[in-house]
Amino acid sequence: MEPTRDYPLFGGAFSATLPPGAIDVSDLRPVPDNQEVFCHRLTDQSLIVELLELQAQVRGEAAARYHFEDVGGVQEARAVQVEAVQPLLLENLALRGCCQEAWVLSGKQQVAKEHQQVAEVVTLHQALLRLPQYQTDLLLTFNQPP
């Protein structure tokens, strides 16, 4: 079994430990500068790490829902459904020193892949870490297709 590996993100600003089989999508296609995208070579699962502008107008659970719905809009989801939203304990986070609040959300979105007509229901798990001193919302999205 291939071991996990630490992968530098955003030019080495921080890193993530990735599972065996993770592929950097930027080696396959262009990825926006504010994103790091990884996929698994044997599944359609993907992990997206995004640095987004802080959405100060929403707080708490509403912030997690805002970003989930925003992803649905970008993906032109035909339906979005939040299944659960829970706070993350800051003391359990590596970024606890600069994270004001953190949330985890699970939900489903009905989306079609690029250049396809048929929409599938995809389960998404998101973690939102709010970093107001950097005017940043750090959003991690794990896509789990059927």
Side-chain angles (χ1 to χ4, degrees), residues 1-77 80-115 120-146:
M1 175 183 260
E2 184 181 343
T4 59
R5 61 186 168 104
D6 284 341
Y7 193 90
L9 303 174
F10 305 105
F14 52 96
S15 65
T17 302
L18 298 176
I23 296 172
D24 185 341
V25 171
S26 68
D27 292 338
L28 307 173
R29 64 171 172 81
V31 171
D33 289 343
N34 71 315
Q35 293 182 353
E36 297 281 0
V37 182
F38 303 93
C39 64
H40 191 276
R41 71 173 73 125
L42 300 177
T43 70
D44 282 337
Q45 295 173 328
S46 64
L47 174 67
I48 304 166
V49 181
E50 293 182 87
L51 297 174
L52 303 168
E53 182 179 347
L54 179 72
Q55 299 301 310
Q57 76 278 10
V58 289
R59 294 198 177 282
E61 182 179 319
R65 290 177 181 273
Y66 172 90
H67 284 292
F68 180 75
E69 291 169 6
D70 186 57
V71 167
V74 169
Q75 296 292 331
E76 298 179 358
V80 296
Q81 176 187 355
V82 174
E83 295 183 333
V85 183
Q86 298 177 338
L88 286 172
L89 296 175
L90 298 181
E91 59 264 18
N92 294 336
L93 302 176
L95 295 173
R96 66 184 157 272
C98 56
C99 184
Q100 184 179 62
E101 62 177 311
W103 296 88
V104 64
L105 179 148
S106 292
K108 295 187 182 304
Q109 297 186 354
Q110 185 179 12
V111 295
K113 285 186 178 182
E114 194 173 349
H115 307 298
E120 293 183 323
V121 176
V122 176
T123 300
L124 284 94
H125 305 283
Q126 291 185 322
L128 173 64
L129 285 71
R130 314 227 49 210
L131 311 169
Q133 69 273 38
Y134 301 110
Q135 294 295 302
T136 300
D137 279 339
L138 173 61
L139 183 67
L140 294 92
T141 302
F142 176 74
N143 293 294
Q144 184 177 351

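Given the structure is predicted, the values throughout are model-derived calculations rather than measurements. The analysis underlying the following values was restricted to heavy atoms, covering all of them including side chains, and did not include hydrogens, waters or symmetry mates.
Residue Q35 holds its CD atom at 11.0 Å from OG of S26, rounded to the nearest 0.5 Å. In this structure, CG in L128 is found 6.0 Å from CG in L139, a value given to the nearest 0.5 Å. Atoms CG and CZ, on L138 and F14 in that order, are 5.0 Å from each other to the nearest 0.5 Å.
Legend: residues meeting ring pair (Phe, Tyr, Trp, His ring centres under 6.0 Å) with F142, ordered by chain and number and at least two apart, are absent. In this view, D44 and K113 satisfy the salt bridge (Lys or Arg N to Asp or Glu O under 4.0 Å) rule, not counting sequence neighbours. Qualifying side-chain contact (heavy atoms from CB on, under 4.5 Å) partners for L28, counting only residues two or more places apart in sequence or in other chains: I23. Partners of P30 under the side-chain contact (heavy atoms from CB on, under 4.5 Å) rule, at least two apart in sequence or in another chain, do not exist in this structure. Residues satisfying the salt bridge (Lys or Arg N to Asp or Glu O under 4.0 Å) criterion with E120, sequence neighbours excluded, are absent altogether. For E101, the salt bridge (Lys or Arg N to Asp or Glu O under 4.0 Å) criterion is met by R130, not counting sequence neighbours.
Within the 4.5 Å cutoff, side-chain heavy atoms of L47 are placed close to those of L18. At least one side-chain heavy atom of V71 sits under 4.5 Å from a side-chain heavy atom of Q109. Counting heavy atoms from C-beta on, the side chains of Q100 and R59 come closer than 4.5 Å. Counting heavy atoms from C-beta on, the side chains of W103 and E61 come closer than 4.5 Å. Using a 4.5 Å cut-off on side-chain heavy atoms (C-beta onward), V85 and V104 make no contact.
The neighbour count for E53 CD, taken as heavy atoms of other residues, nucleotides or ligands under 6.0 Å away, does not exceed 12. Within a 6.0 Å sphere centred on CG of D33, other residues, nucleotides and ligands contribute 12 heavy atoms or fewer. Counting heavy-atom neighbours within 6.0 Å of Q133 CD, excluding the residue itself, gives a total above 12.
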Stepwise side-chain contact (heavy atoms from CB on, under 4.5 Å) check, Q86 with L88: CA-CA 7 Å; Q86 298 177 338; L88 286 172; over 6 Å; no

Assess whether side-chain contact (heavy atoms from CB on, under 4.5 Å) is satisfied between F68 and L124, documenting all intermediate values. CA-CA 9 Å; F68 180 75; L124 284 94; 4.1 Å; yes

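Looking only at atom types and distance, the side chain of Q45 has no donor-acceptor partner in the side chain of Q144 under 3.5 Å away. Side-chain contact annotation: N143 with S46, donor-acceptor N/O pair under 3.5 Å present. No hydrogens or angles considered: a donor-acceptor pair under 3.5 Å links the side chains of T141 and Q126.
Taking both residues in full, the closest heavy atoms of P8 and S15 are given as CA-CB, 4.1 Å, listed atom of the first, atom of the second, then distance. Between L93 and A102 the shortest heavy-atom distance is CD1-CB, 3.7 Å. When all heavy atoms of C98 and L131 are compared, the closest pair comes out as O-CD2, 3.3 Å. Minimum interatomic distance between L129 and C99 (heavy atoms only, all atoms of both residues): CB-SG, 3.9 Å. Among all heavy-atom pairs drawn from F10 and V49, the shortest one is CZ-O, 3.6 Å. Taking each heavy atom of L52 and N34 in turn, the nearest pair found is CD2-ND2, 3.6 Å.
Distance alone, capped at 3.5 Å, is enough to place a donor-acceptor pair between the D137 side chain and the Q55 backbone. The backbone N or O of Y134 lies less than 3.5 Å from a partner atom in the side chain of T136, making a donor-acceptor pair. Side-chain N or O atoms of Q75 include none that pairs as donor or acceptor with a backbone N or O of G72 at under 3.5 Å.
Taking the charged nitrogens against the carboxylate oxygens, R65 and E69 have no contact shorter than 4.0 Å, which rules out a salt bridge.
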